[in-house]
Trainee: 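Right, I'll just put the structure down here and ask away after.
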2 protein chains.
Amino acid sequence: MELRDIEIFLALAEELHFGRAAQRLHLSQARISQSIKAQERYYGATLVDRANRRDIRLTPLGQQLHADLRPAHRALLQAQERARRVAADRSGAGSGNTF
Amino acid sequence: MELRDIEIFLALAEELHFGRAAQRLHLSQARISQSIKAQERYYGATLVDRANRRDIRLTPLGQQLHADLRPAHRALLQAQERARRVAADRSGAGSGNTF
DNA sequence: AATGCTTACGGGTCACGTAATGATT
DNA sequence: AATCATTACGTGACCCGTAAGCATT
């Protein structure tokens, strides 16, 4: 269970469509399916209800997971982005040297 | 940059010692070094100050990153754990069936 | 038959350990 | 020389795409 899988789940949860989730992440449809399947094994329950082929839906567990995971993932990205920005500022402009 | 790297950084930030961080995660010392080096490339700055061999220290950027990353990572783990718990409850006890 | 998810299969990448090297006390 | 971090190198694992399969409209 790595960050990439979490991003795949979040994309699917928001697109509610394997193909569009794949497009959004520049991945194959198969990869989305593989990852979701693995995550469902990991959690021990289905996250996505594939009843209709027209539009899939999240199970209650999937909805809960999405609600919990999204802000946490966002916070993680922001922490990284902030660090990169600070690093760029330090090395680029500033007082003229690095220490 | 995946979850495992973040965990390695967090362990090192708290242990302030490559060997102990390795023990804590059941990894080799070399792996810690490799991962931290990769992350420093990723962020474009040093995160750890290796001045003294006795005890290493986080750079200011490293401290900031740790402060930001730790709660985000914690939230992520909790989201996963909560989902697993719910899944276990649903399949185990309950009203007697799954739908 | 067209659309869309899944399964099978193969390859390139990389996480990781072991071993060797380097630096500091 | 003992301790601790880094570098070199090889291997097993897994991410991912392509292709084939299966189900629904």
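On a predicted model such as this, the values are computed, not experimentally measured, just so you know. In what follows, chains carry the letters A, B, and so on, assigned in the order in which the sequence lines appear, proteins first and then strands, with residues in each chain numbered from 1.
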Trainee: Let me know the distance between CZ of R4(A) and P of dC14(C), rounded to the nearest Å.
Mentor: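 Answer to the nearest Å: 12 Å.
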Trainee: If I compare all heavy atoms of V48(B) with all of I56(B), which pair ends up nearest, and what's the gap?
Mentor: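 Closest approach of V48(B) to I56(B), heavy atoms only: CG1-CD1, 3.7 Å.
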Trainee: Just to be sure I understand the geometry, which residues of residues 31-47 of chain A put a non-hydrogen atom under 4.0 Å away from DNA chain D?
Mentor: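 The stretch gives R31(A), Q34(A) as the residues lying under 4.0 Å from the strand, ordered by number.
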Trainee: Testing the basics here: between P71(B) and A67(B), what is the closest heavy-atom pair and its distance to 0.1 Å?
Mentor: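 It is CD-O, 3.0 Å.
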Trainee: At a cut-off of 3.5 Å, list every protein nitrogen or oxygen paired with a nitrogen or oxygen from nucleotides 19-25 of chain C, distance to 0.1 Å.
Mentor:
none

Trainee: So which atom in A87(A) and which in A45(B) form the shortest heavy-atom distance, rounded to 0.1 Å?
Mentor: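 Minimum heavy-atom contact is CB-CB, 3.7 Å.
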Trainee: Looking at every non-hydrogen atom in both residues, tell me the closest pair between E15(B) and R20(B) and how far apart they are.
Mentor: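 Where E15(B) meets R20(B) most closely, the heavy atoms are O-NH2, 3.2 Å.
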Trainee: Can you pull out the residues from residues 6-26 of chain A that lie within a 4.0 Å heavy-atom distance of DNA chain C?
Mentor: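 The stretch gives H17(A), F18(A), G19(A) as the residues lying under 4.0 Å from the strand, ordered by number.
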Trainee: Could you grab the distance from atom CD of Q39(A) to atom CG of L12(A), nearest 0.5 Å is fine?
Mentor: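 Atom-to-atom, Q39(A):CD and L12(A):CG are 9.0 Å apart.
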Trainee: Using atom CG of D55(A) as one end and atom P of dT3(C) as the other, report the distance to the nearest whole Å.
Mentor: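 Checked: the CG to P distance equals 17 Å.
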Trainee: Rounded to the nearest 0.5 Å, what separates atom CG in L16(A) from atom CZ in R57(A)?
Mentor: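 One finds 9.0 Å between CG of L16(A) and CZ of R57(A).
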Trainee: Within this structure, what is the CD-CG distance for the pair Q64(A) and L58(A), rounded to the nearest 0.5 Å?
Mentor: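 Q64(A) atom CD to L58(A) atom CG measures 12.0 Å (nearest 0.5 Å).
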Trainee: Mind listing the side-chain donor-acceptor pairs of residues 26-34 of chain B below 3.5 Å, one per line with the distance, residues two or more places apart or on another chain?
Mentor:
from	atom 1	to	atom 2	distance (Å)
S28(B)	OG	R31(B)	N	3.1

Trainee: Is any side-chain heavy atom of Y43(A) closer than 4.5 Å to one of L65(A)?
Mentor: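 Yes, close enough: below the 4.5 Å cut-off.
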Trainee: How many Å lie between CD on E2(A) and P on dC14(C), as a whole number?
Mentor: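 Roughly 14 Å, once rounded to whole Å.
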Trainee: Provide the start and end nucleotides, 5' to 3', of the part of DNA chain D that has atoms under 4.0 Å from heavy atoms of chain A.
Mentor: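 Nucleotide range with atoms under 4.0 Å of chain A: dC15(D) to dT24(D).
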Trainee: Would you list the atom pairs, donor with acceptor, under 3.5 Å between side chains in residues 73-83 of chain B and any protein atom, with sequence neighbours excluded?
Mentor:
from	atom 1	to	atom 2	distance (Å)
H73(B)	NE2	E7(B)	OE2	3.3
R82(B)	NH1	D68(A)	OD1	3.1
R82(B)	NH1	D68(A)	OD2	2.7

Trainee: Working to the nearest 0.5 angstrom, can you tell me the gap between M1(B) CE and F9(B) CZ?
Mentor: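 CZ of F9(B) is found 10.0 Å from CE of M1(B).
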Trainee: Nearest 0.5 Å, what's the CZ-NE2 distance between R24(A) and H17(A)?
Mentor: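 It is 13.5 Å, given to the nearest 0.5 Å.
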Trainee: Heavy atoms only: give me the nearest L10(B)-H66(B) pair and the separation to one decimal.
Mentor: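 Heavy-atom minimum between the residues: CD2-CD2, 3.5 Å.
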